[in-house]
Amino acid sequence: MSKWSFDTKAIHSGFNQDSKTGATSLPIYQTAAFAYNTAEELADVFSGRKFGYLYSRISNPTVTALERRVAALEDGVCALACSSGMAAIATAIYTLAKSGDHIVSSRSLYGGTLQLFSEIFEENGIEIDYVDTTDSAAYEAAIKGNTRLIFVESLGNPKLDVPPFEAIAKIAAAHQIPLIVDSTLTTPYLFNPKAWGVAVVIHSATKYLAGSGHVIGGILVDLGTFNWKQSKSPALAEEAKKFGEFAFIARARKKILQNTGSCIAPLSAYLLNLGLETLGLRMKQHCDNALALATFLDHHPGVKEVGYTGLVSNPHHRDATRYFNGRYGGLLTFRLDSKESCYKFINSLKLAKNLANLGDSKTLVIHPASTIYCDIDEKSQQEAGVYCNLIRVSVGIEDPTDIIADFEQALKESLQ
Ligand code: PLP
């Protein structure tokens, strides 16, 4: 299976056909629980003496197919699907850290993640130090005896800065702590985190993995680069004695997912599995369209600044080229002269939609400062690359001439 290329794995891994009926579309096991003929059998499954499904809050065959497909695309050991990207991040963190522990994180993060960190983890006794994404020395300097993990986004949302993955992974390895990367913006099609020493990769599957803005989901994948027996999290080191390389996902499933109930629904897993089949095709088009739109905006006299790593003038262009398979993703930002111009621009769009999502087949825009980051102070906003005159665009897979024409007419309106 690992010999298959990306697009083949996206279609055939995890589930190929139903062994009983020959159905080639993944069956949706829409059931809460799974029955056994004897009390002994059910007790064996509960105790782990025998493999089997028990209750869909813990695992479900449709969800397993999704987990196997994403694990195959990431060339990972195993995966755990969750109800959302936020649930996947929370599950990963709670698997490794508890009150009194410490995390080192990039400060260029999606607003929801910043809020989860401050409103849940910091309020519940997990200390977090934030560092500049690109400064490997800062990660090293922030590590303490009780640091349990390093967290970064592969491409900061919306700052679009790129961390030096191999340098951070080396620092993490030297301190025996895992590097966790949220690769939502880059997907396994653009970025192979395992090759750069990342331990665990997370996706908001709601975005490009699903592809059409029609489902909420998240997933985390253990890439097999970290030896959990050497983990500084005592619980993980203990788990590794029993589960070996599966320790992280075993603990995430049994201790966190099972107790918090942040499981994904079988129908959502089915929809995600279907979306994955066209991930490669879609990502190519997202990237090509984003580069075309970024180039157009970069040449437009009314646009102050364009954020897109595909532009040769972008400070992260060389790193992005090296890490992301020669493509630069579907997200870009640009700045106008004021918040009012941004609003006028958004209100003048006819094709692109104004909403809080990304990675949809449709082109989407948002004014992050007054929406996603509205509860975050101005200093933290700016550290995450958010300004009152900035618009974020998730470039869809429509015909690029139509997207550019829509932006051109809206810019004309907003600059009047
Ligand atoms: N991570 C990133 C980079 C995101 O952009 C988002 C959502 O926009 C999330 C995580 C959260 O994902 P979800 O909305 O599926 O919970």
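Both ligands and their constituent atoms are indexed starting at 1 by order of listing. All of these numbers come straight from a predicted model, not from anything done at the bench.
Using modelled atom types and a 3.5 Å distance limit, the side chains of Thr363 and Glu398 yield a donor-acceptor pair. With hydrogens and angles left out, the side-chain atoms of Ser380 and Tyr373 include no donor and acceptor closer than 3.5 Å.
Contacts classified as salt bridge (charged side-chain N to carboxylate O under 4.0 Å, His left out) and involving residues 185-213 (residues at least two apart or in different chains) are given here: Asp75-Lys194. Identified under the side-chain hydrogen bond (donor to acceptor under 3.5 Å, both in side chains) test for residues 303-315, with sequence neighbours left out: none.
Here Ser233 pairs with Leu96, Arg148, Ser231, Leu236 under the side-chain contact (heavy atoms from CB on, under 4.5 Å) rule; sequence neighbours left out.
Near ligand 1, heavy-atom contacts under 4.0 Å come from Ser84, Gly85, Met86, Ile89, Tyr110, Glu153, Asn157, Asp182, Thr184, Ser204, Thr206, Lys207, Gly217, Leu358.
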Steps toward ring-ring contact (aromatic ring centres under 6.0 Å, His included) verdict (Phe191, Tyr189): CA-CA 6 Å; Phe191 182 45; Tyr189 185 72; over 10 Å; no
